[in-house]
Visitor: 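The structure under discussion is supplied below as structure tokens; questions concerning it will follow.
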Amino acid sequence: MAYLQTLTKGFSGWVIFCCCCCLPLLLTSPLPLKGPGLASTAHHACRLRKINFQQPYIRNRTYTLAKTARASDHDTDNRLIGQQLYVNIRENNRCYLMKRIVEMIVKDVLLTTSKDRYPYIEEVAQFLASLTSELSRCKFSGHRENIEKNLEEMKSKMKQLGENGKTKAIGELDLLFDYMENACTEAPKKGGNKKKN
């Protein structure tokens, strides 16, 4: 009987706590927008704060890691990170594209490469993963065929290069850092070719 009374008191306490504390939070939290406002929310979700990229510590780590890997990359004919990624991609989809590329490089390159081989690889992987996590709600607008095509071309080129493809991807982390900063911190210009993705 005493156990039942304790349980009832405990349950009543939780109900009161939920009604007094949780309900006001739920009622005052912003609800997702529907209709025309949705585009502006998605656009805002594809923005990072400039300060993320202005930390000298992580910028130096990223650039040092890239420089170390470039010393082992003797292939000067191919490039993974460059303007070719933006062919037929609307400016407002560039941050989404860079998010996808960073996710792929973290998962398929940085986390599968021996940390003993390159300095700072774990720190840079964590930093990049934190950026993609901040961009988790960033979605593409329009059609995604060109985005997927450009991603597939990059993956295919990296695969063709074999083990050197990973080395090249690490050697271009400084470019990736700069491309992501430009795509995700600067507001896209108005206008442009609406037929492109």
Side-chain angles (χ1 to χ4, degrees), residues 30 32-33 38-69 79-115 117-159 165-188 197:
L33 297 173
L38 191 58
S40 62
T41 305
H43 169 74
H44 182 69
C46 291
R47 290 286 143 244
L48 291 169
R49 291 166 298 149
K50 193 88 171 164
I51 197 163
N52 287 326
F53 298 92
Q54 293 173 336
Q55 303 167 49
Y57 173 82
I58 197 63
R59 183 179 285 271
N60 291 340
R61 293 281 194 258
T62 306
Y63 281 55
T64 301
L65 174 56
K67 188 177 178 183
T68 305
R79 173 161 289 176
L80 299 174
I81 308 297
Q83 284 297 315
Q84 78 279 3
L85 293 170
Y86 290 158
V87 172
N88 294 323
I89 304 295
R90 281 193 325 207
E91 216 170 322
N92 65 336
N93 280 328
R94 289 181 178 182
C95 184
Y96 173 77
L97 174 67
M98 293 314 299
K99 175 188 88 155
R100 293 277 308 276
I101 290 170
V102 169
E103 286 170 340
M104 191 251 311
I105 287 179
V106 168
K107 179 176 162 268
D108 298 341
V109 178
L110 299 181
L111 296 181
T112 63
T113 301
S114 168
K115 62 183 175 201
R117 191 170 169 198
Y118 296 108
Y120 316 127
I121 199 162
E122 287 182 323
E123 290 169 87
V124 173
Q126 286 174 359
F127 169 73
L128 292 174
S130 74
L131 294 183
T132 59
S133 177
E134 274 192 60
L135 292 169
S136 61
R137 292 175 50 222
C138 176
K139 306 291 182 212
F140 64 92
S141 64
H143 302 288
R144 68 188 296 167
E145 289 85 3
N146 290 334
I147 294 170
E148 296 303 327
K149 179 177 175 279
N150 293 6
L151 275 170
E152 206 46 54
E153 283 175 4
M154 183 190 162
K155 285 183 197 175
S156 177
K157 186 186 283 189
M158 201 162 77
K159 194 173 180 181
K166 286 186 178 184
T167 304
K168 184 168 286 298
I170 296 170
E172 293 183 4
L173 282 173
D174 54 342
L175 294 173
L176 184 66
F177 187 96
D178 292 343
Y179 267 73
M180 190 164 199
E181 179 179 10
N182 291 336
C184 299
T185 63
E186 296 173 2
N197 268 353

Visitor: Taking C-beta and beyond as the side chain, do K155 and K159 meet within less than 4.5 Å on heavy atoms?
Guide: no
Visitor: If you measure from the SG of C184 to the SG of C95, is it under 2.5 Å?
Guide: yes
Visitor: Would you confirm whether Y118, through its side chain, and A66, through its main-chain N or O, come within 3.5 Å as a donor-acceptor pair?
Guide: no
Visitor: Using 0.5 Å steps for rounding, measure from the NZ atom of K99 to the CG atom of L135.
Guide: 6.5 Å
Visitor: Which heavy atom of G165 sits nearest to which heavy atom of L80, and what is that distance?
Guide: O-CD1, 3.7 Å
Visitor: Just verifying a value: how many Å separate L65 CG and I58 CD1, rounded to the nearest 0.5 Å?
Guide: 9.5 Å
Visitor: On the ring face of F177, is R59 found with NZ or CZ under 6.0 Å from the centre and within 45° of the axis?
Guide: no
Visitor: Donor-acceptor pair, N93 side chain versus S141 backbone, under 3.5 Å?
Guide: yes
Visitor: Do we see a donor-acceptor contact under 3.5 Å between the side chains of K166 and T113?
Guide: no
Visitor: Decide yes or no for R61 and F127: does some side-chain heavy atom of the first lie under 4.5 Å from some side-chain heavy atom of the second?
Guide: no
Visitor: Are any side-chain N or O atoms of N88 and backbone N or O atoms of N146, one a donor and one an acceptor, separated by less than 3.5 Å?
Guide: no
Visitor: When rounded to the nearest 0.5 angstrom, what distance separates OH in Y179 from CD1 in I101?
Guide: 10.0 Å
Visitor: Tell me, with the steps shown, if M98 and L176 meet side chain to side chain contact (heavy atoms under 4.5 Å, CB included).
Guide: CA-CA 8 Å; M98 293 314 299; L176 184 66; 3.4 Å; yes
Visitor: Which heavy-atom pair separates R90 from G142 by the least distance, and what is that distance?
Guide: NH2-N, 4.1 Å
Visitor: Is it the case that the side chain of E134 and the backbone of R49 share a donor-acceptor pair, with hydrogens and angles ignored and the cut-off at 3.5 Å?
Guide: no
Visitor: Hey, mind stepping through T167 and R117 against side chain to side chain contact (heavy atoms under 4.5 Å, CB included) and telling me if it holds?
Guide: CA-CA 11 Å; T167 304; R117 191 170 169 198; 3.6 Å; yes
Visitor: Going from OG1 on T132 to NZ on K107, what distance comes out if it is rounded to the nearest 0.5 angstrom?
Guide: 12.5 Å
Visitor: Quick one, R100 and R144 - any side-chain contact, counting heavy atoms below 4.5 Å?
Guide: yes
Visitor: Would V124 and I170 satisfy side chain to side chain contact (heavy atoms under 4.5 Å, CB included), going step by step from the backbone distance to the final call?
Guide: CA-CA 10 Å; V124 173; I170 296 170; over 6 Å; no
Visitor: Is there a donor-acceptor contact under 3.5 Å from the side chain of Q55 to the main chain of N52?
Guide: yes
Visitor: Look at the side chain of N150 and the backbone N and O of V87, then say whether any donor-acceptor pair between them is shorter than 3.5 Å.
Guide: yes
Visitor: Please report the interatomic distance OH(Y120) to OH(Y63), rounded to the nearest 0.5 Å.
Guide: 16.0 Å
Visitor: Report yes or no: does E172 contribute a side-chain atom to a donor-acceptor pair with the main-chain N or O of I81 at less than 3.5 Å?
Guide: yes
Visitor: Check the pair L110 / L173 against side chain to side chain contact (heavy atoms under 4.5 Å, CB included), numbers first and verdict last.
Guide: CA-CA 10 Å; L110 299 181; L173 282 173; 3.9 Å; yes
Visitor: With the threshold set at 4.0 Å, does a side-chain nitrogen-carboxylate oxygen contact exist between E153 and K157?
Guide: no
Visitor: Can you measure from SG (C138) to CG (L131) and round to the nearest 0.5 angstrom?
Guide: 12.0 Å
Visitor: Is a side-chain donor or acceptor of S133 paired with a backbone partner of A129 at a separation under 3.5 angstrom?
Guide: no
Visitor: With a 4.5 Å cut-off on side-chain heavy atoms, are K168 and R79 touching?
Guide: no
